[in-house]
Amino acid sequence: MADSDVQSWEYLERLQGTEFYRLYKNPTSALAIFRKRLSSLAKSLVMALLYLNAPLPVKDLDVWVKPGSRSEKEHALDLLQRYHITAVSSSKAYTLTENFSRSLRQALTGGGDTKSFGEIAHPPSNPSITVEDLDGFARNQWEGILGYMVGNSAIPLESTSTVVDPSPGVIELLKAGHLIELAGSSRLGYSPKITKDGFAFVLQDINTQVWSLLFLYVDHAEDFAMTKVAVLSFLFLISSLELGQAYTKSHLDADQLRILSDLSDFGIIYQSSSDSLDFYPTRLATTLTSDSNTSSSNNTNLSSALTTSSTSQAHGFIIIETNYRIYAYTSSPLQTSLLGLFTNLRSRHPNLITAKMTKSSVQRAVQMGITAEQIISYLTSHAHPQMRRHAIQAASAASDPAKAAQAASVIPATVLDQIHLWQIEKDRMTTTPGYLMKQFGTQAEYERYWQFADQIGVLVWRSDRKRMFFVNQIDSLRRFMKSSRESGAEG
Amino acid sequence: MNAVDGSQHYEQSSSEQNPSLLTIILDTNPVAWSLLSGTLSLSKAVASLLVFINAHLACNYTNKVAVVASHCHTAQWLYPTSAQQHLRNVRQAKRRLDDSGPIVNDQLSEPTKRVRINGPKDDSTNGIKLKFNIVQRKPIASSDKYRPFRVVEEELLDNLSKLLSTTGPTGISSNTSTMVAGALTLALSYINRQNSAFAESSGGATNTADSAPPNASSRAAETNDKNLLHSRILIISVSPSHDLAHQYIPIMNSIFACQRLSIPIDICQIPTPNAPSSSTVFLQQASDATKGVYIPLSNATSGGLLQYLMMAFLPTQSSRIHLVLPTRIDVDFRAACFCHRRVVDIGFVCSICLSIFCNPPENGDCLTCGTHLELGDYGGRPMVVPRQKKRKKPRSTLDQSRVSTPTPGPA
């Protein structure tokens, strides 16, 4: 994918085993990773193992999972292994790693006095702060960051005065993550220029954006003499707090206070001043470990609270017709300039923007590094409720299941296909980083391994004649090869 | 360019996990729990249940939970607190404010005593503290618990202790059974409400499921699977089965409603000692008809209960597809008669309304629909009509006729 440079959750998988070991000492971290990163089958496995006295033998697991679901099982086990949640003992049985299981149990049952879920300040120093205030603050900060990235470079707009410029620290971070480049001199002042990664970033949904920026922050934590694990566990702690509550800073150490003031720049937490005694998490913080599912009610709350500065539309505002015309009910300069990235804007009205997607506009976007997937996911997540209703009706009216599944997509199928086709015209080559497996001893060996890779969904390409294949992930395959070699040696 | 095939469409796949709503029906029948007190007390069971609820909530940010108590004379919400109960609470709180201090303490300690009837010393299991009095006095408890978990716990324990404190001896003596049917109905209506609320918030698929014709609705359900709230019901049953017979019709109606809405009913049957045949007939049918999980616990201990809950009952619908579920093969399909509520093996069925009777009704009038049924000369089991034999006899012997009519079998 083109956005592989932007930090995402895969970032976590690059941590060392010992770092996970320390991370899982915190119940909040264990809970957050469990909730956010595991597949539903993996979650079931973890929960089944959590209160089990003895390790679960590998054979028992094979019996428990249906034979037809092998790929899901391998995927789940792979995830658990990657996040260092399970360990396979010498007697071929699964156990949870000790710190993880202890922390998760503690999260479920409570108890202890580690203040691991924050301490509520009562009475709060400033009781007049409402949830609306917090939403407004978060929106201003976040739109300020996005607007800073997009607004000045892509399309000049007579922006309203509410836009807040991000703090120097945020700008530094954006630059370090290659999301923007600064042009100009110190005398004339710097003007930001958005990069390819930056375009990918601004089109993501808000939850992904927040995490991308946070992972960037974690990645650069060592520059500020903080360990990654400390920052991560504090972030997970923040994500488990409750909206609208004031939390006291009294038990936080210097590093954590420093993180707090940085998070305040992002709009993730609110504090009236850096030396106030308590802080409020905003909606950006409390939905950190929620799903990025746009249709889930919580996230619509999030996006409605954060993206609609003046429009009354709650969920989405974009209507796309099959003739590529786009009507967007918004007056936000940020959304306007985002739309302008891949469409030709036609007209602006007080609460409506009309635009048209053309071959040249999409290809211009592709040239800038925006992928078709990103455009589609942006359009889907901001689609008008009318579009969703229409899609669902079309799905239930369709005659055969295959058509119904197709009609279920919110964006008209023609538009969906055409965006892809326009992109393919420009770049016909895709690159997949991975591993080439070759020089197998026997045909049987070759077949066993590529079939396994296919089952767990990492196989990209194979050639039976040359007896080689290509995978994009090797860890689980390597384990499989090792175990099958061992069993071969035994037998 | 030729490689681009117009017939191939780009599909959007989503790996998002659906939110799921777990409705738990907890059988709080005091008679049954007092029988169980030797092995598994109510407070221990509730502690295990709370860990299970937390685990369910931990699985997904949008997961929801609801708990109904199926008590001896009523079915009541434990979580979330219903509006009526809430009003009552507010009123009581006001009254308490008017009263003097010591009386408040008396009122508070009473539920604590009652709950601990079964298990005097086990107020902490797996770290969960069942301190009812503290819960009521101090709304903001320790901060070492994820807040959504704590909210559920406090409200549930609060309502449970209130329910138990309001149960007098008269209520128990009048009825030794439990109101499963009422609880099921409450659960179903709650699920329905949550479903429509969810559909509205996720972009308005409000009426499609109802308006679509029946044969299309299943397909629509498949395709719209991504957007639906997955609901399931878990019944933790302790009461012996024969008491449920008088609720046969409402229970079966709820079961069929669940079947139609594809809501699995999971049954966790905790056996009561001194009652050997305690497997509940209708609950077996419930899990069988709705493709739920049925597990009779072999030994009732709190650790065992928790492990059963975590392993068998926690997986959501989306992961159940991949798992081999513990179900019952020999399901007890017996029904209860409509006249005396007796569980019968063989009964009489009205040919008009399909009501079941253990004996032929008086005068041959169906008790449900009033149709007069021609009973004929009722004499017992149906027999082979003798006339057919008479016709065949002149042509061939008995042995030949047997040969000439082959019986279907493994040939």
Side-chain angles (χ1 to χ4, degrees), chain A residues 31 34-35 40-41 43-44 47-48 50-52 63-66 69 72-73 106-120 122 240 242 287 289-293 295-298 300 315 376 380 385 388-389 392-393 395-396 401 404-406 408-409 413 416-417 420-421 424, chain B residues 1 4 6 9-12 14-17 19 50-51 54-55 58-62 126-129 140 142-150 153 197-198 201-205 208-209 212 216-217 219-220 222-224 226-227 303 306-307 310-311 314-316 318-324:
Chain A
L31 185 65
F34 167 78
R35 174 183 282 184
S40 60
L41 187 63
K43 284 176 185 170
S44 304
M47 280 304 180
L50 188 61
Y51 283 97
L52 208 60
V63 174
W64 193 29
V65 180
K66 281 183 187 165
S69 305
E72 280 83 3
K73 188 191 84 174
Q106 201 188 335
L108 292 188
T109 58
D113 52 348
T114 51
K115 304 270 181 268
S116 44
F117 287 93
E119 194 175 356
I120 292 180
H122 44 98
S240 73
E242 189 176 322
T287 48
T289 47
S290 75
D291 279 333
S292 54
N293 190 348
S295 63
S296 76
S297 53
N298 285 292
T300 32
H315 309 303
I376 287 162
T380 311
R388 293 182 199 282
R389 220 167 294 140
I392 288 163
Q393 275 165 10
S396 52
Q406 204 184 86
S409 75
L416 204 65
D417 287 350
H420 278 286
L421 293 179
I424 292 173
Chain B
M1 209 59 221
V4 176
H9 288 280
Y10 293 91
E11 279 178 20
Q12 291 169 290
S14 77
S15 58
E16 300 290 352
Q17 290 167 18
L50 283 175
V51 175
N54 289 348
C59 281
N60 194 329
Y61 185 80
T62 44
N126 302 313
I128 285 203
K129 303 244 188 308
I140 301 162
S142 80
S143 60
D144 284 315
K145 179 150 256 183
Y146 188 41
R147 189 159 163 102
F149 297 171
R150 208 172 61 221
E153 258 174 50
F198 180 78
S201 73
S202 69
T208 44
S217 69
R219 185 163 16 87
E222 273 169 37
T223 51
N224 293 350
K226 298 171 211 158
N227 310 329
L306 182 60
Q307 186 55 40
M310 295 291 262
M311 194 141 181
L314 191 63
T316 55
S318 47
S319 48
R320 279 183 190 194
I321 305 167
H322 308 302
L323 295 175
V324 179

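The sequence lines fix the lettering, A, B, ..., with proteins before strands; numbering per chain opens at 1.
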Peer 1: Under the side-chain hydrogen bond (donor to acceptor under 3.5 Å, both in side chains) test, which residues partner A:Glu242, sequence neighbours left out?
Peer 2: B:Arg147
Peer 1: Could you pull out the closest heavy-atom pair between B:Arg320 and A:Lys66, with the gap in Å?
Peer 2: O-NZ, 4.1 Å
Peer 1: So, taking the atom named CE in B:Met311 and the one named CG in A:Leu52, what distance separates them when rounded to the nearest 0.5 Å?
Peer 2: 6.0 Å
Peer 1: Got a second to check how far A:Leu108's CG is from B:Leu50's CG, nearest 0.5 Å?
Peer 2: 11.0 Å
Peer 1: Do A:Ser40 and B:Thr316 pass the side-chain hydrogen bond (donor to acceptor under 3.5 Å, both in side chains) test, and can you show the C-alpha distance, the side-chain angles, and the key distance before you say yes or no?
Peer 2: CA-CA 8 Å; A:Ser40 60; B:Thr316 55; 4.8 Å; no
Peer 1: Using heavy-atom distances under 4.5 Å, tell me whether A:Leu31 contacts chain B through its side chain, its backbone, both, or neither.
Peer 2: side chain
Peer 1: Taking A:Leu50's backbone N and O only, do any of them form a donor-acceptor pair with B:Gln307's side chain (distance below 3.5 Å, no angle check)?
Peer 2: no
Peer 1: Please find the pair of heavy atoms, one from A:Arg35 and one from B:Ala58, that lie closest to each other, and give the distance.
Peer 2: NE-O, 3.2 Å
Peer 1: Evaluate the criterion side-chain contact (heavy atoms from CB on, under 4.5 Å) for residue pair A:Leu41 and B:Leu323; output intermediate values, then yes/no.
Peer 2: CA-CA 9 Å; A:Leu41 187 63; B:Leu323 295 175; 3.7 Å; yes
Peer 1: Can you name the closest pair of heavy atoms from A:Val65 and B:Val324 and give their distance?
Peer 2: C-CG2, 4.2 Å
